[in-house]
Amino acid sequence: QVQLVESGGGLVKPGGSLTLSCAASRFIFSDYYMSWIRQAPGKGLEWVSYISSSGSMIYYADSVKGRFTMSRDNAKNSLYLQMNSLRVEDTAVYYCARVGSSSPYYGMDVWGQGTTVSVSS
Amino acid sequence: DIQMTQSPSTLSASVGDGVTITCRASQSISSWLAWYQQKPGKAPKLLIHKASSLQSGVPSRFSGSGSGTEFTLTISSLQPDDFATYYCQQYNSIPWTFGQGTKVEIK
């Protein structure tokens with residue numbers, strides 16, 4: 001079935017960097033907008049960024065703008081989140097999610113299992 | 001930014017009960033609203049998109065309504081599998097924002 005699998009999470013010190021990856025399978029990856037969502041321990045969901053199907057449009061939450069970079073490689077069916085200057089408050093489970101259409105005007109209909117990022121000294 | 005406010009934060013109900021969760025937007029979002037269900041340790045699951053469109057595979061006891069600034073998610077007859085946390089999310093404008101969540105607990 002349609003699947004998203006995240007990887008790359010881990011423990012990093014404040015100020016450090018990490019790159020998350022999300023591998024997509026069993027759907028035409030290049031047809032869909034994609035997004036990253038995070039959830040801090042015991043907290044609600046927070047949208048982080050989204051990218052258009054071609055990669056030409058990318059938007060970020062203010063909390064990560066200038067520190068995080070989202071990208072995609074449609075040839076490899078993969079999504080990435082480069083995270084720099086990490087802060088303690090970036091600690092969360094990070095989910096990649098498919099926006100259910102070729103536009104941003106749909107809910108996120110497929111989610112990965114999540115990868116945990118912990119920022120601590 | 002558009003603020004999304006859900007009520008109640010917690011809801012206690014019994015199997016078979018009908019329940020309604022409300023989500024209010026701080027400004028009009030037309031019908032660009034989704035509802036998700038999340039169980040502990042799991043990824044969210046899309047239930048409703050465009051305020052009232054049932055996502056494929058979701059049981060018909062779930063329904064959504066509303067437009068503009070006020071929206072509701074209704075579960076017509078709670079089943080044991082429905083005890084979870086529910087989130088609304090607007091995708092009318094950037095940044096996308098979620099409500100704080102409503103936890104549906106067993107009474």
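Order of the sequence lines sets the chain letters (A, B, ...), proteins ahead of strands, with each chain counted from 1.
Using a 4.5 Å cut-off between heavy atoms, Gln39(A) touches chain B through its side chain atoms alone. Val99(A) touches chain B through its side chain: at least one heavy atom from C-beta onward sits under 4.5 Å away, while N, CA, C and O do not. Using a 4.5 Å cut-off between heavy atoms, Ser49(A) makes no contact with chain B at all. Looking at Tyr105(A), the atoms closer than 4.5 Å to chain B (heavy atoms on both sides) sit in the backbone and in the side chain alike. Interface remark: Tyr95(A) contributes side-chain atoms only to the contact with chain B (heavy atom separation under 4.5 Å). For Tyr91(B), the parts lying near chain A are the backbone and the side chain together; criterion is any non-hydrogen pair under 4.5 Å.
Residues Val48(A) and Ile51(A) share a single hydrophobic cluster, defined by chaining ILVMFWY side chains whose heavy atoms lie under 4.5 Å apart.
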Report the C-alpha separation of Leu86(A) and Phe68(A) in whole Å, then their side-chain angles, then the decisive distance to 0.1 Å, and conclude whether the side-chain contact (heavy atoms from CB on, under 4.5 Å) test is met. CA-CA 9 Å; Leu86(A) 281 161; Phe68(A) 289 11; 3.9 Å; yes
Take Asn84(A) and Ser17(A), measure what side-chain hydrogen bond (donor to acceptor under 3.5 Å, both in side chains) needs, and give me the verdict at the end. CA-CA 4 Å; Asn84(A) 297 329; Ser17(A) 298; 3.0 Å; yes
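Around atom CG of Leu11(A), more than 12 heavy atoms belonging to other residues, nucleotides or ligands sit under 6.0 Å away.
Met83(A) has its side chain out of reach of Trp36(A): every pair of non-hydrogen atoms, C-beta onward, lies at least 4.5 Å apart.
Taking CE of Met34(A) as the reference point, atom SG of Cys22(A) lies at 5.0 Å (rounded to 0.5 Å).
Between the Arg38(A) side chain and the Val117(A) main chain, no donor and acceptor come within less than 3.5 Å of each other.
Looking only at atom types and distance, the side chain of Ser93(B) has no donor-acceptor partner in the side chain of Gln27(B) under 3.5 Å away.
A salt bridge does not link Arg87(A) to Asp90(A): none of the charged side-chain nitrogens sits closer than 4.0 Å to a carboxylate oxygen.
Within residues 28-63 of chain B, the residues that have a heavy atom under 4.5 Å from a heavy atom of chain A are Trp32(B), Ala34(B), Tyr36(B), Gln38(B), Lys42(B), Ala43(B), Pro44(B), Leu46(B), His49(B), Gln55(B), listed by number.
Across Pro104(A), Gly100(A), Ser35(A), the residue that shares the most heavy-atom pairs under 4.5 angstrom with chain B is Pro104(A).
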